[in-house]
Student: 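Before I ask anything, here is the structure I am working with.
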Amino acid sequence: MNSNDFVIRTEGLSKSFGEVQALKSLDLRVPQRSIFAFLGPNGAGKTTTIKLMLGLIKPTSGGGKILGMDILRDSVDIRARIGYLPQDTRFYEHMTARQTLEYTAKFFYTGPQAEIDKRVNEMIELVGLEGKADRPVKGFSGGERQRLGIAQAEVNYPDLLILDEPAASLDPQGRRDVLEVMSRIRKYATIFYCTHILDDVQRVSDQVAIVNQGELVTQASIEELLAGTGDVVYTVTLRGDAQSTYTQINQQPWVSGIEAGQQGDETTWQVSVRDEAAAKDQLMGLLVSSGLKVSNFSRKGQNLEDVFINIIERSQK
Amino acid sequence: MSANASGQFQLVKEKGWRRGLGNLLQGEYSAWFKSSRWWKHIILWLLIINMMMVFMIMASADAAKGGEEGPPVLFMYGIFGGMFVAFGVMILMQRVLVGEKRSGTAAWVLSKPVTRTAFVVSRLVVNSIAILLTSVIVPGVILYFTLGLFSDIGWLSPFGFLAALLMVSLHTFYWIALVLMMGTLSESSSVVIAVPMALFFIFWMGTGMVPALIYVSPLLLTFSPAPDQMNALSVSFMTGEPVFSWLPLISTVAFCVIFIAVAIRRFNRQEF
């Protein structure tokens, strides 16, 4: 991939707060038109990274480019081309939602007023705040503030949208709406976002980076991440005396372990395999030849939550 | 900007440190003047300054009838229009930067294409205009007519009175700039208000012990800490008497410039 294809590219980006090293030499590559999920446990350095990219804080060392511009020198120009939703969205309490959006839009455009009004209305409609557009923000619930936050982040048609916990404070419908909006925006913008809701990540993202304790632990596509995470697990449910078959299968070189459970007259095994090709060829055959009745045989699907926890635990060892 | 923008918008053209200034000024202006805030402040200061001055004029007239010396009306304007307004500024301005930093609205605004210098300048300019208008100019103009129509002092020279109002304005601006600077040096509202207040009392009470303080403080612009020895510049302009010293005026202007420069420099280095 050409270096110009990356919307965000950081080189050794580091940040310390006194003795605490919040970010350690981050090398991040965010491809164009991707929905890029930036994950990590609390305090991992996600928000620090975003603030460094926006110029709200300055790096201790290292640097980076966003949309081809230097994050230190061209901070204001970068901000002219991005939209940002902060983690804890705060607006001026005396302004209405409409005034907040107009105020935001006027950091980018001076006119025509009719076009600005039109864009503001589009944003209000997009996030479903039509009924509350002319009420002061101080009366808004957390979810309504979040919706307004999403609207203000998009009001300038950004090339890059940076969202810090976009689905936080939203009900399930609000969450679904946000994912829909993100999917729609990807046609013309790159989305870089942090979240703790891993279901959402799996559903809409195509690239994922995981940070822990200020370090980049991994960066890969969702498919790569789900595929390349150690053992594949097969779930097998059997009837009959399975002891000898258990021993036989457990001795196979491609099996790394079997977790057994009993429910009534049924035995369930979670067979972890090192070599999936060998398992595909032999596991079912071994079970059938043993004479046991197999009522379920399935490959256990990996989900991002398992992968995330595994990666974080491994990185802490 | 993405292709979706279609080029139908006129882009903001401000460059350099002024990037975002127009909208920031507009936003601050709206917060003051497109709400009830401005007229509430006018009413408050009319009650504090003009009503008290009416009482002073009445007390002075009563004393004169009895052949006694009444309260020094013009000196008292220095107290109400200078000291009281200075305290009002400290209370009002303490949250301007600190409040925005703590609430997160500063970080939100600074995530847009604006410079930090523009942010500080917008807060300084609009708050100064609003405070000067509501607590100096409107009460001052009303006082001018009150003195002319109802007091023994009569009609003062309009130019002298204008010069006096300028002194009161500069004195007020000194405290605005100082509190704004403190807002960039501390995250605590208490510190932001306590330091200017302490400084005010040091200037006021300390003049007896260290007379040189009078030359580096803004107090003599509006009221004299030692009225038996010197008149405030504002009183001198109103009465046409010679000015005691120009040094307080020069030092006040110099300190205002220093406070603003420090505020901008410091705010540009802060992290949000």
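Note that the structure is a prediction, hence the values are computed from the model and not measured. So you know, we letter chains A, B, ... as the sequences are listed, proteins then strands, and number each from 1.
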Student: How are the rings of B/Phe33 and B/Trp38 set relative to one another: parallel (under 30°), tilted (30 to 60°) or perpendicular (over 60°)?
Tutor: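 Aromatic pair B/Phe33/B/Trp38 classed tilted.
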Student: When only pairs under 4.5 Å are counted, which of B/Ala31, B/Ser111, B/Gly104, B/Gly20 shares the most heavy-atom pairs with chain A?
Tutor: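 Top count of heavy-atom pairs under 4.5 Å with chain A: B/Ser111.
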Student: With a 4.5 Å cut-off on heavy-atom pairs, point out which of B/Arg269, B/Gln26, B/Glu100, B/Lys34 contacts chain A the most.
Tutor: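 Most heavy-atom pairs under 4.5 Å with chain A: B/Glu100.
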Student: Closest heavy-atom contact between A/Pro59 and A/Leu72?
Tutor: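 Taking every non-hydrogen atom into account, CD-CD2, 3.7 Å.
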Student: Report which part of A/Lys118 has an atom under 4.5 Å of a heavy atom belonging to chain B: side chain, backbone, both, or neither.
Tutor: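 Contact with chain B involves no heavy atom of A/Lys118 at all.
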Student: Cationic tip of A/Lys15 within the cone over A/Phe17's six-membered ring, i.e. under 6.0 Å and within 45° of the normal?
Tutor: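 Satisfied, under 6.0 Å and within 45°.
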Student: Check each atom of B/Glu14 against the heavy atoms of chain A and say whether the ones under 4.5 Å are side chain, backbone, both or neither.
Tutor: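 Neither part; nothing is under 4.5 Å.
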Student: Is the Lys NZ or Arg CZ of B/Arg19 less than 6.0 Å from the centre of A/Phe107's six-membered ring, within 45° of the axis?
Tutor: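 Judged by the rule (NZ or CZ under 6.0 Å from the ring centre, within 45° of its axis), B/Arg19 is not positioned above A/Phe107.
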Student: Less than 4.0 angstrom from a charged side-chain N to a carboxylate O is my criterion; do B/Glu271 and B/Lys101 meet it?
Tutor: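 Result for this pair is no, no salt bridge flagged.
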Student: Can you tell me which portion of A/Ile116 sits under 4.5 Å from chain B's heavy atoms? Options are side chain, backbone, both or neither.
Tutor: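 For A/Ile116, heavy atoms of backbone and side chain both lie under 4.5 Å from chain B.
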Student: Using a cut-off of under 4.5 Å for heavy-atom pairs, which of A/Gln99, A/Arg79, A/Lys58, A/Glu93 has the most such pairs with chain B?
Tutor: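 Result: the option with the highest number of such pairs is A/Arg79.
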